[in-house]
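Just the heavy atoms: all of them, side chains too, but no hydrogens, waters or symmetry mates, feed the values below.
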Amino acid sequence: MVPIAVPALRERQGDIPLIADYYARLHARKVGKRIRGISSRAMEALLAHPWPGNVRELQNLLERA
């Protein structure tokens, strides 16, 4: 086993749009909804959030949305 160090999401702000878009589309597909994407206002809020958790926190937020 080899440990892999992955920086916290708050340290990878540039990854948030890609990860958010992926999970938004994944969860929309699961419930049979079509989406055009994440609005710029919503993306600004995601980027402004301090993300004390990890990618799973972002995933859970988008699933609830």
Novice: Can you give me every donor-acceptor pair (side chain of residues 27-51, partner residue at least two apart or in another chain, under 3.5 Å) with its distance?
Specialist:
unit_1 : atom_1 : unit_2 : atom_2 : d
Ser39  : OG     : Ala42  : N      : 3.1
Trp51  : NE1    : Leu46  : O      : 2.7

Novice: In chain order, what residues pass the side chain to side chain donor-acceptor pair (under 3.5 Å) check against Asn54, with sequence neighbours excluded?
Specialist: none
Novice: Remaining members of Val2's ILVMFWY cluster at a side-chain heavy-atom cut-off under 4.5 Å?
Specialist: none
Novice: Taking it one step at a time, do Leu62 and Ile19 satisfy side chain to side chain contact (heavy atoms under 4.5 Å, CB included)?
Specialist: CA-CA 10 Å; Leu62 291 165; Ile19 295 168; over 6 Å; no
Novice: Output every pair passing salt bridge (Lys or Arg N to Asp or Glu O under 4.0 Å) with a member in residues 56-65, not counting sequence neighbours, ordered by first then second residue.
Specialist: none
Novice: List the atom of Met1, the atom of Pro3, and the distance in Å for their closest heavy-atom pair.
Specialist: O-CD, 4.0 Å
Novice: Show the nearest heavy-atom pair for residues Ile16 and Leu58, with the distance to one decimal.
Specialist: O-CD2, 4.3 Å
Novice: Could you pull out all residues at least two apart from Arg25 that satisfy side chain to side chain donor-acceptor pair (under 3.5 Å)?
Specialist: Asp21
Novice: Other hydrophobic cluster members with Leu18, side-chain heavy atoms of Ile/Leu/Val/Met/Phe/Trp/Tyr under 4.5 Å, chained?
Specialist: none
Novice: Taking side chain to side chain donor-acceptor pair (under 3.5 Å) as the test, write out the residues that go with Arg10, two or more places apart.
Specialist: none
Novice: Which pairs with one or both residues in residues 7-26 pass ring pair (Phe, Tyr, Trp, His ring centres under 6.0 Å), sequence neighbours excluded?
Specialist: none
Novice: Using side chain to side chain donor-acceptor pair (under 3.5 Å) as the criterion, list what pairs up with Asn60, not counting sequence neighbours.
Specialist: none
